[in-house]
Enquirer: 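One structure is given below, represented as structure tokens, and several questions about it will come after.
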Amino acid sequence: MACAHWRRLPLGLAREARERSASGWVDSAVQCQLSAHVGGEHFGFLDDVEHGTALWLRWRGTTEVALVVLSDCPVAGPGPDKEGCCLFADHSEQHTWQDTVEEIPCTS
Ligand SMILES: [Zn+2]
Ligand SMILES: [Zn+2]
């Protein structure tokens, strides 16, 4: 189960995210990409920055929200296709390929 939390980007952060993203386009709201969790920080994928890193929106509660650049998670799945994880290095919760109930498509 994916985390159901969504966060709308504050205007200032949305502008900064567009300037930093590779494509120049980011969504105005993002869903947390972690599997369902209780408490802690939420992470929504915004866009790739350069090879191996991506821009994420990190938030906790309603007031703490920040742009962060994180390295891609290097852990691939055990199957023959070595499915990559869509999250960032050292994330909490499960890798995206561990989520067998619901597929989270990689947006990158
Ligand atoms: Zn979350
Ligand atoms: Zn991972």
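In this chain, numbering begins with 1 at the start of the sequence shown. Counting starts at 1 for both ligands and their atoms, in listed order. Heavy-atom basis, side chains included; hydrogens, waters and symmetry copies ignored.
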Enquirer: Counting backbone and side-chain atoms alike, does His5 have an N/O/S atom under 2.8 Å from the Zn ion (ligand 1)?
Expert: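 His5 does not place any N, O or S atom closer than 2.8 Å to the Zn ion (ligand 1).
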
Enquirer: Could you please compute the angle at the Zn ion (ligand 1) from NE2 of His37 to SG of Cys32, rounded to 10°?
Expert: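 Rounded to 10°, it measures 110°.
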
Enquirer: Looking at residues at least two apart in the chain, or sitting in another chain, which of them share a side chain to side chain contact (heavy atoms under 4.5 Å, CB included) with Thr63?
Expert: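 For Thr63, no residue satisfies side chain to side chain contact (heavy atoms under 4.5 Å, CB included) once neighbours in sequence are set aside.
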
Enquirer: Closer than 2.8 Å to the Zn ion (ligand 2), which protein N, O or S atoms?
Expert: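 Protein N, O or S atoms closer than 2.8 Å to the Zn ion (ligand 2): Cys73 SG, Cys85 SG, His91 NE2, His95 ND1.
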
Enquirer: For Ala22, does its backbone N or O pair with a side-chain atom of Asp47 as donor and acceptor, under 3.5 Å?
Expert: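 Yes, Asp47 side chain to Ala22 backbone: donor-acceptor pair under 3.5 Å.
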
Enquirer: Please answer whether the main-chain N or O of His91 pairs with a side-chain N or O of Glu93 as donor and acceptor at a distance below 3.5 Å.
Expert: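 Not at all, since once roles are kept as given, no pair shorter than 3.5 Å links the two residues.
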
Enquirer: Between the side chain of Ser71 and the main-chain N/O of Thr53, is any donor-acceptor distance below 3.5 Å?
Expert: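 No; judged by distance alone, with no hydrogens or angles, the pair does not exist.
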
Enquirer: Could you pull out all residues at least two apart from Arg20 that satisfy salt bridge (charged side-chain N to carboxylate O under 4.0 Å, His left out)?
Expert: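 Counting only residues at least two positions away or on another chain, Arg20 forms a salt bridge (charged side-chain N to carboxylate O under 4.0 Å, His left out) with Glu16.
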
Enquirer: Quick check: of its N, O or S atoms, which one does His42 have closest to the Zn ion (ligand 1)?
Expert: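 The nearest such atom is ND1.
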
Enquirer: Checking Arg7 now: which residues fulfil side chain to side chain contact (heavy atoms under 4.5 Å, CB included) with it, not counting sequence neighbours?
Expert: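 Partners of Arg7 by the side chain to side chain contact (heavy atoms under 4.5 Å, CB included) criterion, ordered by chain and then number, come out as Leu57, Trp59, Val65.
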
Enquirer: Is it true that, when you exclude Asp90 itself, more than 12 heavy atoms of the residues, nucleotides or ligands shown sit nearer than 6.0 Å to its CG?
Expert: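 No.
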
